[in-house]
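Here is the structure we will look at.
In what follows, residues are counted from 1 in the order of the sequence shown.
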Amino acid sequence: MKWICLNGQCIDAAEAVVSVMDHGFLYGMGLFETFRTYKGRPFLLERHLNRLAAGCAALGIETSSLPGPDELRLLIEQLMKANELEEAYIRYTVSAGEDILGLPAGMYSQPNQILMAKPLPMAPDRLYTHGKALQLLTTRRNSPEGPVRLKSLHYMNNILAKRELSTYPEAVRLHAEGLMLNADGYLSEGMVSNLFFVKHRRIYTPDTSCGLLPGITRGFCMELAHGEGLSCEEGFYTWEDLMHADEIWLTTSVQELVPVTTLIDASGYAAVIGDGRIGPVTERLLQLYRQHTGGYHENDHL
């Protein structure tokens with residue numbers, strides 16, 4: 001990553017710095033969005049920006065100086081061109097900006113905005129046919145700081161979960177995602193993903209009150225399910241519910257819908273879900289999702 005956009009200007013990454021008095025650095029007061037491009041255009045950008053704006057309002061960060069969707073698309077295009085990228089993983093960060101050493105009561109009026117782009121991670125073809133593993137973690141999902149979890153710069157919980165995941169040899173070998181329960185022992189979310197499962201063709205996903213981030217892809221996936229006449233229930237579920245599922249999948253803005261075909265508990269016991277391949281509901285929703293992206297996928301016919 002050679003070039004970064006800082007406050008609307010593309011500059012050398014080595015020169016992209018913010019003050020030590022920025023409250024994103026001092027107190028974690030900031031938000032970010034990650035998404036990907038298809039044919040060079042960011043997908044579901046307006047939804048990401050709407051979530052960001054709502055989060056900024058909750059944190060007292062003024063948004064009048066931030067670019068709108070059209071301006072941000074142009075900045076993304078410029079940044080991708082500067083980094084010689086045809087497709088990209090995009091991270092857009094808004095940090096509160098400089099303020100006093102202490103806890104302010106007023107609004108943050110001069111936020112910093114940072115736009116980064118890197119190549120999309122390579123996903124093997126088998127990921128969308130034979131799926132991946134999900135490792136149960138003992139690290140619990142912490143409670144959100146406010147009524148709803150924000151995609152904030154407070155990421156210690158996720159990093160601790162990632163460090164725990166690295167201690168399970170089988171999970172490392174299988175490139176597993178880590179799954180966190182909340183403090184009450186209910187399913188919450190993956191380290192970087194939201195969770196869905198199917199039982200008797202009914203779709204279930206943990207309720208937002210379980211401490212999860214209401215993901216953009218999660219919400220879009222639920223809309224696709226409703227459009228197909230599929231029941232999608234939010235609620236409080238356990239690891240045992242997951243073990244008896246017919247299908248499981250994870251959602252992320254970068255990897256779309258990823259089937260889960262192996263569950264691993266903290267003792268190392270591994271269970272195969274379904275027949276070890278993508279299930280029919282997951283496959284249908286993935287196909288519908290990809291119809292909206294306008295992108296080309298080698299795995300369109302799974």
Side-chain angles (χ1 to χ4, degrees), residues 1-37 41-83 85 87-99 104 107-121 144-146 148-159 162 189 191-194 213-217 252-255:
M1 185 163 41
K2 174 65 175 173
W3 299 94
I4 288 176
C5 277
L6 176 62
N7 295 326
Q9 299 295 320
C10 276
I11 60 176
D12 191 296
E15 300 175 3
V17 295
V18 296
S19 168
V20 295
M21 297 302 291
D22 189 301
H23 276 210
F25 169 71
L26 287 177
Y27 302 114
M29 294 296 286
L31 303 160
F32 72 100
E33 294 288 331
T34 55
F35 44 89
R36 62 169 289 179
T37 64
R41 292 184 61 81
F43 186 54
L44 300 179
L45 179 62
E46 285 83 358
R47 297 190 187 209
H48 283 282
L49 294 184
N50 287 341
R51 180 172 68 176
L52 183 73
C56 283
L59 296 184
I61 300 175
E62 291 185 6
T63 58
S64 58
S65 64
L66 302 183
D70 291 340
E71 185 180 354
L72 191 61
R73 285 190 183 93
L74 287 175
L75 288 173
I76 290 170
E77 182 180 342
Q78 294 170 12
L79 183 61
M80 289 174 61
K81 185 176 181 180
N83 284 297
L85 297 172
E87 302 289 6
Y89 169 113
I90 306 292
R91 171 168 165 147
Y92 180 49
T93 302
V94 174
S95 186
E98 294 181 48
D99 213 310
M107 294 287 289
Y108 293 105
S109 60
Q110 294 182 308
N112 286 308
Q113 48 175 303
I114 302 100
L115 190 63
M116 301 177 178
K118 68 177 185 179
L120 283 172
E145 291 84 1
V148 178
R149 183 173 300 281
L150 305 178
K151 198 171 179 68
S152 76
L153 304 186
H154 296 255
Y155 239 58
M156 185 187 298
N157 190 217
N158 303 68
I159 293 173
K162 182 64 177 289
E189 63 181 346
M191 299 180 306
V192 293
S193 61
N194 287 132
L213 174 75
I216 298 299
T217 306
T252 77
S253 292
V254 174
Q255 290 195 322

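- By the neighbour-count criterion of 12 heavy atoms within 6.0 Å, atom CD of Glu145 is densely surrounded, having more than that number from other residues, nucleotides or ligands.
- Here the side chains of Ser193 and Gln255 are not in contact, with every heavy-atom distance at 4.5 Å or above.
- Legend: salt bridge (Lys or Arg N to Asp or Glu O under 4.0 Å) pairs involving residues 9-29, not counting sequence neighbours, sorted by first then second residue: Lys2-Asp12.
- Annotation: side-chain hydrogen bond (donor to acceptor under 3.5 Å, both in side chains) contacts of Glu98 (sequence neighbours excluded): none.
- Residues Asp99 and Tyr108 have side chains in contact (heavy-atom distance under 4.5 Å, counting atoms from C-beta outward).
- Closest approach of Phe35 and Ile76 over heavy atoms only: CE1-CD1, 3.8 Å.
- When atom types are taken as modelled, the side chain of Asn83 and the backbone of Trp3 share a donor-acceptor pair closer than 3.5 angstrom.
- When all heavy atoms of Arg36 and Ser253 are compared, the closest pair comes out as CG-O, 3.2 Å.
- With rounding to the nearest 0.5 angstrom, the CG atom of Leu45 is 9.5 Å from the OH atom of Tyr92.
- Qualifying ring pair (Phe, Tyr, Trp, His ring centres under 6.0 Å) partners for Phe25, counting only residues two or more places apart in sequence or in other chains: none.
- Remark: His154 pairs with no residue by the ring pair (Phe, Tyr, Trp, His ring centres under 6.0 Å) rule, at least two apart or across chains.
- With rounding to the nearest 0.5 angstrom, the OG atom of Ser95 is 12.5 Å from the CD atom of Gln110.
- Legend: residues meeting side-chain contact (heavy atoms from CB on, under 4.5 Å) with Glu46, ordered by chain and number and at least two apart, are Pro69, Arg73.
- Atoms CE and SG, on Met116 and Cys5 in that order, are 11.0 Å from each other to the nearest 0.5 Å.
- If you take CG on Leu150 and SG on Cys56, they are separated by 9.5 Å, rounding to the nearest 0.5 Å.
- Among all heavy-atom pairs drawn from Ile11 and Ala16, the shortest one is CD1-CA, 3.6 Å.
- In this structure, the side-chain hydrogen bond (donor to acceptor under 3.5 Å, both in side chains) partners of Asn157, at least two apart in sequence or on a different chain, are Arg141.
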As a quick check of understanding, evaluate side-chain contact (heavy atoms from CB on, under 4.5 Å) for Leu72 and Leu115, giving each step before the final call. CA-CA 9 Å; Leu72 191 61; Leu115 190 63; 4.2 Å; yes
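- Residue pairs meeting the salt bridge (Lys or Arg N to Asp or Glu O under 4.0 Å) criterion with at least one partner in residues 47-61, sequence neighbours excluded, are Glu33-Arg51, Arg47-Glu223.
- Checked against side-chain contact (heavy atoms from CB on, under 4.5 Å), Tyr27 has the following partners two or more places apart in sequence or in another chain: His23, Met29, Leu101, Leu103.
- Of all non-hydrogen atoms in Pro119 and Leu85, the two that sit nearest each other are CG-CD2, 3.8 Å.
- Pro42 has its side chain out of reach of Ile90: every pair of non-hydrogen atoms, C-beta onward, lies at least 4.5 Å apart.
- Here the side chains of Thr217 and Asn194 are not in contact, with every heavy-atom distance at 4.5 Å or above.
- Remark: Val254 pairs with Tyr89, Leu120, Pro121, Thr252 by the side-chain contact (heavy atoms from CB on, under 4.5 Å) rule, at least two apart or across chains.
- Across all their heavy atoms, Pro111 and Ile61 have their closest contact at CB-CG2, 3.7 Å.
- Annotation: side chain of Lys151 is in contact with side chain of Thr34 (closest heavy-atom distance under 4.5 Å).
- Atom CD1 of Ile114 is separated from atom CD1 of Ile4 by 8.5 Å, given to the nearest 0.5 angstrom.
- Here Glu71 pairs with nothing under the side-chain hydrogen bond (donor to acceptor under 3.5 Å, both in side chains) rule; sequence neighbours left out.
- Residues that satisfy the side-chain hydrogen bond (donor to acceptor under 3.5 Å, both in side chains) test with Thr93, not counting sequence neighbours, are Arg91.
- Residues meeting the side-chain contact (heavy atoms from CB on, under 4.5 Å) test with Ser109, sequence neighbours left out: Glu62.
- Between the side chain of Asn158 and the backbone N or O of Val192 there is no donor-acceptor pair closer than 3.5 Å.
- Rounding to the nearest 0.5 Å gives a distance of 11.0 Å between CG of Leu44 and CG of Leu49.
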